[in-house]
**Q** 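The structure that follows is given in the form of structure tokens.
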Amino acid sequence: MINYLSNCNYVLLAFIAGMFTWIITILGSAVVFPFKKVNKTLLDAMLGFAAGVMIAASFFSLISPALTMAESLKINAPLIVTFGFICGGILLYIGDKIFPKIIKNHEGSNRIKRTFMLVLSIGIHNIPEGLAVGVAFGALRYNIEGATLISAIILAIGIGLQNFPEGTAVSLPLRREGMSTKKSFYIGALTGIVEPLASLIGAILVLKVRLILPFLLSFAAGAMIYVVVEELIPESQTNKCKDLMALFTIIGFAVMMILDVALG
């Protein structure tokens, strides 16, 4: 099997790998379907769980690889990762200030804003992950040191499986906000559509993209943490069982950490 894949076009393989990661996101988003009725405590718990997933993904899927990549590229790792992280947070901060003005006369504007911020942060996060998959496969064309087909496949599988709870982390909070089950699923699924496209770009522009990946990964982490602190955790803590909601955040972090560490 590996011998057969070794003879395939690496750009095509990168796109297929990106499609795989998107399919797993779709499956994760589909978790919303069993929830036919909205139970506030249950959905608040899932919101806390989503916050934990995003915090873990920010470090284990984004910041840690960004530091490693920056060091391998002989870039000042602490500086570039810190700068990218702050820029990601600032972008979401600016969006947080501007977006309410755009929809200030719209009924349910707070719900729309939270939806927008959540989807934007996950979408931003998926771009560098897709690029990373593309770079892993594209690097095989240039015989870059350490680049192997097996390592590229493992990376794609790891990112793909991590996307399952991330798909859930979008669709369930949207359902909690009162959105229909189908619409919550569709929006959650669409947040992953950027991954196959980014994988394709990463494979084609591997040498150029590789240089900016540390910044992009940390940028996405900053955006995700902003949403977690600004929206997800405060919203989950409106529940009367605040301590229990906090435990679900811990559980979400643990699940994502296990996936990242085991598959990273």
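Note that the numbering runs from 1 along the sequence shown for the chain.
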**Q** For Glu195 and Asn163, test the side chains for any donor-to-acceptor distance below 3.5 angstrom and give the result as yes or no.
**A** yes
**Q** Give a yes or no on whether the backbone of Phe164 and the side-chain of Thr168 come within a donor-acceptor separation of less than 3.5 Å.
**A** yes
**Q** Please evaluate residues Phe219 and Phe85 with respect to the criterion ring-ring contact (aromatic ring centres under 6.0 Å, His included), reporting the C-alpha separation (whole Å), side-chain torsions for both, the decisive distance (0.1 Å), and the verdict.
**A** CA-CA 5 Å; Phe219 182 93; Phe85 185 81; over 10 Å; no
**Q** Do any N or O atoms from the side chain of Thr25 and from the backbone of Gly167 form a donor-acceptor pair under 3.5 angstrom?
**A** no
**Q** Taking all non-hydrogen atoms of both residues into account, name the closest pair between Leu67 and Pro78 and its distance.
**A** CD2-N, 4.4 Å
**Q** Quick one: does any side-chain atom of Asn126 pair with a main-chain N or O of Thr191 as donor and acceptor, under 3.5 Å?
**A** yes
**Q** Between Leu211 and Val135, is there shared hydrophobic-cluster membership here, with clusters defined by ILVMFWY side-chain heavy atoms closer than 4.5 Å?
**A** yes
**Q** Which pairs count as side chain to side chain donor-acceptor pair (under 3.5 Å) when at least one residue sits in residues 217-228, sequence neighbours excluded?
**A** Asp96-Tyr226
**Q** Count I, L, V, M, F, W, Y as connected when their side-chain heavy atoms are under 4.5 Å apart, and connections chain through other members. Are Leu131 and Val11 then in the same cluster?
**A** yes
**Q** Please find the pair of heavy atoms, one from Ser236 and one from Gly48, that lie closest to each other, and give the distance.
**A** CB-N, 3.9 Å
**Q** Do the side chains of Val81 and Ile63 get nearer than 4.5 Å, heavy atoms only?
**A** yes
**Q** Quick one: does Met245's side chain get under 4.5 Å of Thr249's, heavy atoms only?
**A** no
**Q** Should side-chain heavy atoms under 4.5 Å link Ile, Leu, Val, Met, Phe, Trp and Tyr, which residues sit in the same cluster as Ile16?
**A** Leu12
**Q** Donor-acceptor check, side chain of Thr181 to backbone of Phe33, threshold 3.5 angstrom: yes or no?
**A** no
**Q** Is any side-chain heavy atom of Val194 closer than 4.5 Å to a side-chain heavy atom of Trp22?
**A** no
**Q** Please check if the side chain of Asn76 supplies one atom and the backbone of Leu79 the other of a donor-acceptor pair under 3.5 Å.
**A** yes
**Q** Can any side-chain N or O of Ser171 pair as donor or acceptor with the backbone N or O of Ser29 at less than 3.5 Å?
**A** yes
**Q** Would you name the heavy atoms of Met69 and Ala132 that are closest together and state the gap between them?
**A** CE-CB, 4.5 Å
